[in-house]
Amino acid sequence: MSSDEKPDGRPAAPRSLAEALRARDDASLAALLRARPDLVTPVPTDLTQLATRAGTRASVVRALERLDRFALQTAEALAVAGDPASYDELLGLMAGDDGDAAVAAALPHAVGTLREQALVWGGDDRLRLVRTARELLSPSPQHPSPTGLGPTVQEATAGMSPGRIQELVAAAGLPSTHDAVSAAAALTALFTDRERMAKLLGQAPPEAREVLSRLVWGPPYGQVTADPAAHLRWLLDRGLLLPTAPGTVVLPREVALHLRGGRAHRETEPVPPPVEPAGPTGTRQGSPQVVDATAAGQAYTALATVEELLKDWDEGGPAVLRAGGLSVRDLKRTAVALDVSEPVAAFWVELAYAAGLLASDGEADERYAATPAHDEWRERPAADRWAELAGAWLAATRTAGLVGGRDAKDRTLAALGPGLDRSVAPEVRRRVLALLAALPAGTSPDPDSVLARLRWERPLRGPQQEDDLRSRLARWTLQEAELLGVTGRGALSSHGRALLGAPEPQAAGGTPGIPDTPGDKLPVHHRAAPAGAPAAGPVPPGPADPQARAAARAAAARLLAPLLPEPLDHVLLQADLTAVAPGPLQRPLADVLDVLADVESKGGATVYRFTPASVRRALDAGRSASDLHAFLAAHSRTPVPQPLAYLIDDVARRHGHLRVGAASAYVRCDDDAVLNEILADKRSAALRLRRLAPTVLAAQADPAALLEGLRALGYAPAAESAEGDVVITRADARRTPPRTPPEPVPEGPPVPDATLLTAAVRAIRAGDLASTAPRKTPGTPPAPGELPRTSPAETLATVQAAVLTGEALWIGYVNADGAASQRVIAPVRVEGGFVTAYDHTADEVRTYPLHRITGVAELADG
């Protein structure tokens, strides 16, 4: 009979978490490493080290934080159960004496989740919560249990005198015992016996029962005076309240469980709360076509807003603060320019930055400007541009909603500044959109039900906080998705669904907010749960494969493209010096018109206004009057109005009549009367002009200031180069050096891919084989984890003998980097100070220098 079997042939119960892990198959180990990626960095040497790492406080805390509410409640119940506990005992704590069908149906899945994540091990007859998790979840005076239960009778009476314990036993109507331990056991048996306990409490005064009702659901601690009232004395004399410190009493766990009907929690939540449609009767449900059209309209507005932002910063945007980011004043100016609120302006600025379209220029006087990638982005089709923006938003860890708040050092968080990364943001965005994807097409969710679902999937340990980070991220996600056009009228659009990679929506006849079967309408990252069990937990923050992300963006762009308006090649000129664009304009037409005119209003149609300054701007960019006339005539569906033609000719007649160059600066003009007029104007005093010649004036201001000053006086000067040529200025001259978009900040170690998981499981198995292989060890064997130690002569002799006999050896080996490992090898040849052997742990033939082998041991027979 094997040591791993019981007398009846069944496998023996594991004695440790390491043994439980050793009994798992490779797929189960890979699932553990995928669920808890911190365990694989670095790869453990064997299963013992894996179990040790899985029991560390930091790793257990991280694993507990990723449990859903029911799985966490199950772990909390195990923490107050016996160690070990049977499955029936756990079921009693979760379902109570009366039973709960929903709890009974969901509990196997919850226990399976805890087992899969190595938080619980052992068979159903001996369930054990890992020690660190029990310490975190067990009740103590400093850290009350989440269940509200207090210590057991055995724990609460540990420091009590034997005489006092015997008094409690006698007052409870029990026979006296010989020692304190048996007395505590007798009280425990009484308090866990439902019939005898009910009879005892039936004798309690009404005031005493009222005291118990106030403590039963926690906290279980209360205060008493040195001379307690009669009803309190009745409880203290019978051990229904036990002293823990002077003036402090506690309700024993067994008493509380009797009063609760055996339940560890006041309310158990075995099934996740459904995401409900918005409105009392789903009034926000609409047709998918209306949702898609609304989302497409908002997507077009999003593109126009980002383009307007970058156009406003084309020639150099706001300065970068010394601590990084935008100043409050510059954010307000941006909000006014975009005609939005400051939080919305911060969102658009952060979105452009996340997409790599905006960055700082890195100069000494550092400013924000568009990147070279912006020029490439503008030339792409509108749907592709939107997909790039939406994809960047979905994966970004920078959180615009935090702008204006305070960091841990009470400093204001600025847009584009440090401190805005929240690693959980991509996961929350994807999860919120996944919940929307589970609703029938065209249905918008009730935001409160979305928040309730997220709190169930990731409950807060400790006191509940309504304004926790995940809830705020979820609210911001719903708002930002609407701004960006991922949703329309609150419902997920078809192109938003494709961007997420979600399956097709369920038929409209399904139950709103609840998938037909658990997990079948959720993203592919969710695993279907057994019948009656909750759906699997939140998805990881997006697919790691760049090709999968690119494919999702391409699919979203294909669905959005037919919904966007076709760009127009014409405008409607009007006699009041305005032009109306009845829709989006083609890129060349829009670029020229942006220089030639100013945007007066936006909406379904954009109104441009022609002014002397805007016409001069076009002339400064190298256009001539004849070019402008021909351009307007070619792109207007109405005749060019006479006032507009006169405006262009009048500005062109005066444009360049004055020339400004660099001396410090000078002004020259063929008409000395114009120069006389400038000198006579009192407003030109600040320029400090003086005449050098009849047609030349010198100024102490620089050329740029002189140009602006003369334009403020109503003239139309032109800058000229050192060769006397007119300098042509371009509106898009300012660009940063090439910049890469900011990398998202991951939440802990990344989820390992399939290749890494396969290699890690193989390495752990190999190391475990080497560390657990039975061996012949004369004398005292090395302690677990230690390498064998033999002299060089013994090592050489043992290896040479193994070559002749073909036996396998256990060796300790230190590589060139100083990393030690244990291996099982079958030596084939020994020569030149090297041993060539088949390495069972690596499953290949390798050569090892003998001087790096710390020692050898023969494996036991069989």
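All figures in this text were calculated on a predicted structure; none of them were measured in a lab.
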Does [X] reach the side chain of [Y], with side-chain heavy atoms less than 4.5 Å apart?
X	Y	value
Glu155	Arg253	yes
Leu119	Arg36	yes
Thr113	Leu67	yes
Asp100	Met94	no
Phe70	Pro459	no
Leu21	Leu32	yes
Val830	Leu850	yes
Leu796	Val799	no

Worksheet item: Does a donor on one side chain and an acceptor on the other come within less than 3.5 Å for Thr795 and Thr790?
Response: yes
If you round to the nearest 0.5 Å, how far is [atom2] of [Y] from [atom1] of [X]?
X	Y	atom1	atom2	value
Ser16	Arg22	OG	CZ	7.0 Å
Glu76	Arg69	CD	CZ	10.0 Å
Thr758	Leu29	OG1	CG	11.5 Å
Asp124	Arg126	CG	CZ	13.0 Å
Thr188	Asp193	OG1	CG	12.5 Å
Tyr848	Asp839	OH	CG	3.5 Å

Fill in: Qualifying residue for side chain to side chain contact (heavy atoms under 4.5 Å, CB included) with Phe191, from Met197, His258, Arg196
Met197
Practice prompt. Please determine which of Leu136, Asp83, Val120 meets the side chain to side chain contact (heavy atoms under 4.5 Å, CB included) test together with Leu129.
Written response: Val120
Discussion item. Test of understanding: with salt bridge (charged side-chain N to carboxylate O under 4.0 Å, His left out), list the residues that count as partners of Arg34, not counting sequence neighbours.
Written reply: none
Where do [X] and [Y] come nearest, in terms of heavy atoms and distance?
X	Y	answer
Arg24	Ala118	NH2-N, 3.9 Å
Ile764	Pro44	CG1-O, 3.5 Å
Leu809	Pro827	CD1-CG, 3.8 Å
Thr397	Ser423	CG2-CA, 4.1 Å
Tyr87	Val111	CE1-CG2, 4.1 Å
Leu17	Ala54	CD2-CB, 4.4 Å

Discussion item. Is it true that, when you exclude Arg852 itself, more than 12 heavy atoms of the residues, nucleotides or ligands shown sit nearer than 6.0 Å to its CZ?
Written reply: yes
Discussion item. If you count every heavy atom of other residues, nucleotides or ligands that lies below 6.0 Å from Arg57 atom CZ, does the total exceed 12?
Written reply: no
Can [X] and [Y] be counted as an ion pair, charged N to O under 4.0 angstrom?
X	Y	answer
Arg455	Glu269	no
Arg263	Asp98	no
Arg470	Glu427	yes

Checking [X] side chain against [Y] main chain: does a donor-acceptor pair fall under 3.5 Å?
X	Y	answer
Ser182	Asp179	yes
Ser86	Glu89	yes
Ser145	Thr147	yes
Gln117	Ala35	no
Gln73	Glu267	yes

Item to complete: Among Asp26, Asp25, Asp46, find the one that has a salt bridge (Lys or Arg N to Asp or Glu O under 4.0 Å) with Arg765.
Response: Asp26
Item to complete: Please test Thr177 against Ile165 for side chain to side chain contact (heavy atoms under 4.5 Å, CB included), starting from the C-alpha separation and ending with a verdict.
Response: CA-CA 10 Å; Thr177 62; Ile165 297 179; over 6 Å; no
Worksheet entry | Test log, rule side chain to side chain contact (heavy atoms under 4.5 Å, CB included), inputs Leu50 and Leu33 | CA-CA 10 Å; Leu50 175 63; Leu33 299 179; 4.0 Å; yes
Discussion item. Going by the rule side chain to side chain contact (heavy atoms under 4.5 Å, CB included), which residues pair with Thr41 if we only count those two or more places apart in sequence or in a different chain?
Written reply: Pro749
Practice prompt. Would you sort out whether Leu93 and His265 count as a side chain to side chain contact (heavy atoms under 4.5 Å, CB included), showing the intermediate values?
Written response: CA-CA 8 Å; Leu93 287 171; His265 299 87; over 6 Å; no
Worksheet item: For Val216 and Arg260, what are the C-alpha separation, side-chain angles and deciding distance, and is it a side chain to side chain contact (heavy atoms under 4.5 Å, CB included)?
Response: CA-CA 7 Å; Val216 63; Arg260 295 179 178 193; 3.6 Å; yes
